[in-house]
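Below: one structure, written as structure tokens.
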Amino acid sequence: QVQLVESGGGLVQTGGSLRLSCAASGRFFSIYVLGWFRQTPGKEREFVAAIRWNGGSTNYADSVKGRFTISRDNAKSTVYLQMNSLKPEDTAVYYCAVSRVFGTDKTTYHNWGQGTQVTVSS
């Protein structure tokens with residue numbers, strides 16, 4: 001079993017930056033892909049970015065391409081989401097999760113973390 005803990009959220013002004021972390025512990029060999037999703041009240045959880053644990057291939061939602069960067073530090077068992085040029089519409093609770101599929105469908109992800117709040121003020 002893999003446990004995931006997100007951190008790094010907070011309040012930032014429009015145009016600012018934040019770096020989220022997702023620390024993994026447990027049975028790492030079961031991790032193929034780690035993804036970031038976000039959710040606002042009353043809306044579906046939506047895909048943000050994903051990275052292959054081995055090899056490092058990445059995928060991004062169109063809404064964050066060019067502004068967000070996902071990366072991993074295998075030695076620290078941590079995946080990061082660097083968020084630049086933040087907009088009010090990026091405000092959400094951000095979650096990380098693992099999957100055996102390199103995709104964007106949240107139903108293929110599991111072992112969700114508890115989430116970290118990101119608020120972008122206008």
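- When side chains are defined from C-beta on, Tyr94 counts as touching Val48, because their heavy atoms get closer than 4.5 Å.
- A salt bridge links Asp62 and Lys65; the closest N-O separation between the charged side-chain nitrogens and carboxylate oxygens is under 4.0 Å.
- A donor-acceptor contact closer than 3.5 angstrom links the side chains of Ser17 and Asn84.
- Gln114 approaches Val5 most closely through the heavy-atom pair OE1-CA, 3.8 Å.
- Here Cys96 contributes atom SG and Ile51 contributes atom CD1; the two are 12.5 Å apart, rounded to the nearest 0.5 Å.
- Between Lys106 and Glu46 no salt bridge is recorded (no basic side-chain N to carboxylate O distance below 4.0 Å).
- Cation-pi geometry between Arg38 and Tyr95 is not met: the NZ or CZ atom fails to fall both under 6.0 Å from the ring centre and inside 45° of the normal.
- Linking Ile, Leu, Val, Met, Phe, Trp and Tyr whenever their side-chain heavy atoms come within less than 4.5 Å puts Val79 and Val2 in one cluster.
- Around the CD atom of Glu89, the shell of radius 6.0 Å holds more than 12 heavy atoms that belong to other residues, nucleotides or ligands.
- In this structure, Leu20 is a member of the same hydrophobic cluster as Val12, with clusters built from ILVMFWY side-chain heavy atoms closer than 4.5 Å.
- Between Arg52 and Asn54, the side chains place no donor N or O within less than 3.5 Å of an acceptor N or O (distance only, hydrogens not considered).
- Follow the hydrophobic side-chain contacts under 4.5 Å out from Tyr32 and you reach Phe47 in the same cluster.
- Closest approach of Leu81 and Trp36 over heavy atoms only: CB-NE1, 3.6 Å.
- In this structure, the separation between CD on Gln1 and OG on Ser25 is 10.0 Å, given to the nearest 0.5 Å.
- Between Met83 and Leu86, the shortest heavy-atom distance links the atoms CB-CD2, 3.8 Å.
- Between Phe37 and Trp112, the angle of the ring planes goes over 60°, which puts this pair in the perpendicular group of the 30/60° scheme.
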